[in-house]
There are 2 protein chains.
Amino acid sequence: MSTYEHPDVADLSLPAVLFALSDPVRLEIVGQLAVWREGETPLVCASVGPQMPKSTRSHHLKVLREAGVTRSVPSGRERRLSLRRADLDERWPGLLDAVLPGGVRSVRA
Amino acid sequence: MSTYEHPDVADLSLPAVLFALSDPVRLEIVGQLAVWREGETPLVCASVGPQMPKSTRSHHLKVLREAGVTRSVPSGRERRLSLRRADLDERWPGLLDAVLPGGVRSVRA
DNA sequence: CGGATAGTTCGACAATTTCGGAACCTAGGC
DNA sequence: GCCTAGGTTCCGAAATTGTCGAACTATCCG
């Protein structure tokens with residue numbers, strides 16, 4: 001499975017990130033990714049919104065990925081998803097913390 | 001000039017707020033409103049994006065207002081605009097600070 | 001009353017989004 | 001090699017959005 005291009009930290013656009021987060025479905029996905037903890041095996045696409053049609057899920061993940069909110073790296077025939085928390089914290093400190101449901105804080109909290 | 005309905009703090013929706021902020025034009029408007037300081041006379045519609053067609057500006061201000069990001073109160077034949085900073089800070093602490101250009105912080109900074 | 005000014009509302013149009021089915025690709029297991 | 005499971009891509013359809021001109025409303029001023 002081919003590797004994706006992920007935008008560089010410096011190229012992230014705030015409107016694009018906010019837009020990606022402005023959809024309830026995507027916000028929910030980001031919430032799920034946020035509970036991931038170092039050491040656990042990363043989530044795979046199918047695990048977010050399992051009841052959702054594959055094409056719809058793929059679409060939302062694409063929006064998140066292209067905005068730079070998530071990273072998805074191929075592993076065998078699946079893709080491991082992760083939140084680009086450090087990158088987002090670097091560009092817009094506090095944004096993720098503000099948007100994520102309470103309790104799901106960055107490392108520094 | 002008639003008064004508007006502004007959503008109550010408790011009714012604000014995060015996706016709606018993020019969506020309102022996800023447009024470069026609106027983000028710019030919010031940035032302008034954010035530099036307002038206690039004591040100064042509040043901005044009026046025409047002062048944000050003076051070169052923009054009135055109908056376009058009115059549209060963007062409506063999106064911001066209905067999302068609960070701004071408040072606009074009639075005063076004579078104009079409307080005074082303000083950022084609902086306290087309300088937003090209450091619901092999503094840090095969000096505005098994260099999104100606003102550096103230096104335009106909330107009172108507590 | 002007769003302007004002029006500040007904003008809103010109403011189309012209209014192009015561009016973008018969202019959603020989902022169907023076909024496709026590709027790595028892994030047998 | 002064949003089959004399957006995980007995802008992507010392609011297509012179309014319906015709904016939203018952004019933009020702007022034109023008409024309209026309301027307020028202030030002389």
Side-chain angles (χ1 to χ4, degrees), chain A residues 1-7 13-30 32-33 36 41-82, chain B residues 1-7 13-33 41-82:
Chain A
M1 196 169 277
S2 67
T3 325
Y4 277 137
E5 297 227 344
H6 292 79
S13 136
L14 183 53
V17 168
L18 293 177
F19 178 79
L21 296 174
S22 74
D23 182 281
V25 175
R26 291 192 292 264
L27 201 49
E28 160 70 22
I29 293 178
V30 170
Q32 286 184 236
L33 294 181
W36 179 87
T41 77
L43 288 181
V44 75
C45 296
S47 52
V48 295
Q51 80 299 344
M52 200 183 322
K54 312 199 290 182
S55 55
T56 302
R57 180 170 45 223
S58 198
H59 160 68
H60 286 301
L61 290 175
K62 180 180 181 183
V63 174
L64 287 170
R65 173 170 28 88
E66 292 184 340
V69 175
T70 61
R71 191 180 319 268
S72 89
V73 326
S75 160
R77 65 182 142 177
E78 32 187 47
R79 284 183 200 278
R80 302 291 173 68
L81 296 177
S82 56
Chain B
M1 195 169 276
S2 67
T3 325
Y4 276 137
E5 296 227 343
H6 291 79
S13 136
L14 182 53
V17 168
L18 292 176
F19 179 79
L21 296 175
S22 74
D23 181 280
V25 175
R26 291 192 292 262
L27 201 50
E28 161 70 22
I29 293 179
V30 170
Q32 286 184 236
L33 294 181
T41 77
L43 288 182
V44 75
C45 295
S47 53
V48 294
Q51 81 298 343
M52 199 183 322
K54 314 198 289 182
S55 52
T56 302
R57 180 170 45 223
S58 196
H59 162 67
H60 286 302
L61 290 176
K62 179 180 183 183
V63 174
L64 288 170
R65 173 171 29 86
E66 292 183 341
V69 176
T70 61
R71 190 179 322 265
S72 90
V73 327
S75 160
R77 67 182 139 178
E78 33 187 47
R79 285 184 199 277
R80 302 293 172 68
L81 296 178
S82 56

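Numbered from 1 within each chain, the chains take letters A, B, ... in sequence-line order.
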Student: Say you draw a straight line from OG of B/Ser47 to CG of B/Leu33; how long is it, rounded to the nearest 0.5 Å?
Tutor: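 Taking OG in B/Ser47 and CG in B/Leu33, the distance rounds to 8.0 Å.
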Student: With respect to the phosphate group of C/dG7, does any side-chain polar atom (N or O) of B/Tyr4 fall under 4.0 Å of OP1 or OP2?
Tutor: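 For C/dG7, OP1/OP2 do not have a side-chain N/O of B/Tyr4 under 4.0 Å.
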Student: Is A/Arg26 touching bases, backbone alone, or none of the nucleic acid, heavy atoms closer than 4.0 Å?
Tutor: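 It contacts sugar-phosphate atoms only.
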Student: Considering only heavy atoms and no angle criterion, is a donor-acceptor pair shorter than 3.5 Å present between the side chain of A/Ser58 and the base of D/dG7?
Tutor: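 Between D/dG7 and A/Ser58, which were checked side chain against base, a qualifying N/O pair under 3.5 Å is absent.
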Student: Counting side-chain heavy atoms from CB outward, which of C/dT9, D/dT19, C/dT18 is closest to B/Val25?
Tutor: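 Closest nucleotide among those given: D/dT19.
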Student: Of all the nucleotides listed (D/dA5, D/dT8, D/dG18), which has the minimum atom distance to the side chain of A/Arg77?
Tutor: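 Looking only at heavy atoms from C-beta outward on A/Arg77, the closest nucleotide is D/dA5.
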Student: Answer with base, sugar-phosphate or nothing: what part of the nucleic acid does B/His59 contact at a heavy-atom distance below 4.0 Å?
Tutor: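 It contacts base atoms.
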Student: Would a 4.5 Å heavy-atom cut-off, applied to side chains only, mark B/Arg57 and B/His60 as touching?
Tutor: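 No. Closest side-chain heavy atoms not under 4.5 Å.
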Student: Round to a whole Å and report the spacing from CG of A/Leu18 to C1' of C/dT17.
Tutor: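 After rounding, the reported distance stands at 17 Å.
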Student: Could you pick out which residue, A/Gly76 or A/Ser22, lies toward the 5' side of DNA chain C when each is mapped onto its nearest nucleotide?
Tutor: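 The residue whose closest nucleotide sits nearer the 5' end is A/Ser22.
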Student: Take the protein atom CG of B/Leu43 and the nucleotide atom P of C/dA6, then report the distance between them rounded to whole Å.
Tutor: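 It works out to 14 Å between those atoms.
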Student: Quick one: are B/Pro42 and B/Ser82 in side-chain contact, heavy atoms under 4.5 Å?
Tutor: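 The answer is no, as the side chains (C-beta and beyond) never meet within the 4.5 Å cut-off.
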Student: Rounded to whole angstroms, how far apart are CZ on A/Arg65 and C1' on D/dT9?
Tutor: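 To the nearest whole Å, that distance equals 12 Å.
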Student: Is B/Thr56 near enough to D/dC20 that one of its side-chain N or O atoms lies under 4.0 angstrom from OP1 or OP2?
Tutor: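 Looking at the OP1 and OP2 atoms of D/dC20, one of them is under 4.0 Å from a side-chain N or O of B/Thr56.
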Student: Quick check for you: among D/dC20, C/dG7, D/dG18, whose closest atom lies nearest to any side-chain atom of B/His60?
Tutor: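 Looking only at heavy atoms from C-beta outward on B/His60, the closest nucleotide is D/dG18.
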Student: Round to a whole Å and report the spacing from NZ of B/Lys54 to P of C/dC10.
Tutor: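 It is 16 Å, rounded to the nearest whole Å.
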Student: Using whole Å, report how far CD1 of A/Ile29 lies from C1' of C/dT18.
Tutor: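 Interatomic distance, CD1 of A/Ile29 to C1' of C/dT18: 13 Å.
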Student: Once you round it to whole Å, what is the distance between P of C/dT18 and CG of A/Leu61?
Tutor: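 The distance from CG of A/Leu61 to P of C/dT18 comes to 13 Å, rounded to the nearest Å.
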Student: Do the side-chain N or O atoms of B/Arg57 get closer than 4.0 angstrom to the phosphate oxygens (OP1, OP2) of C/dA6?
Tutor: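 No.
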Student: Atom CE of B/Met52 to atom C1' of C/dA6: distance rounded to whole Å?
Tutor: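 Atom CE in B/Met52 sits about 15 Å away from atom C1' in C/dA6.
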Student: Starting at the 5' end of DNA chain D and moving along, which residue's nearest nucleotide shows up first, A/Glu78 or A/Ser55?
Tutor: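 Comparing both residues, the 5'-ward one is A/Glu78.
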Student: Using modelled atom types and a 3.5 Å cut-off, is there a donor and acceptor pairing between side-chain atoms of A/Ser22 and backbone atoms of A/Phe19?
Tutor: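 At least one qualifying donor-acceptor pair exists.
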Student: Could you tell me which non-hydrogen atom of B/Pro74 sits nearest to which non-hydrogen atom of B/Ser2, and how far apart they are?
Tutor: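 In terms of heavy atoms, the two residues are closest at CG-O, 3.8 Å.
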Student: Of all the choices, C/dT17, C/dG21, D/dG21, which nucleotide is nearest to the side chain of A/Phe19 once you look at every atom?
Tutor: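 Given the options C/dT17, C/dG21, D/dG21, the side chain of A/Phe19 is closest to C/dT17.
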Student: Taking the side chain as everything from C-beta on, heavy atoms only, tell me whether B/Ser72 gets closer than 4.5 Å to B/Leu61.
Tutor: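 Contact flag for B/Ser72/B/Leu61 side chains = no.
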Student: Roughly, in whole Å, what's the span from CZ in A/Arg79 to C1' in D/dG7?
Tutor: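 Going from A/Arg79 (CZ) to D/dG7 (C1'), I get 7 Å.
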Student: Heavy atoms only, 4.0 Å cut-off, all strands: where does B/Val63 land among base, sugar-phosphate and nothing?
Tutor: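 Since no nucleic acid heavy atom lies under 4.0 Å of B/Val63, the category is nothing.
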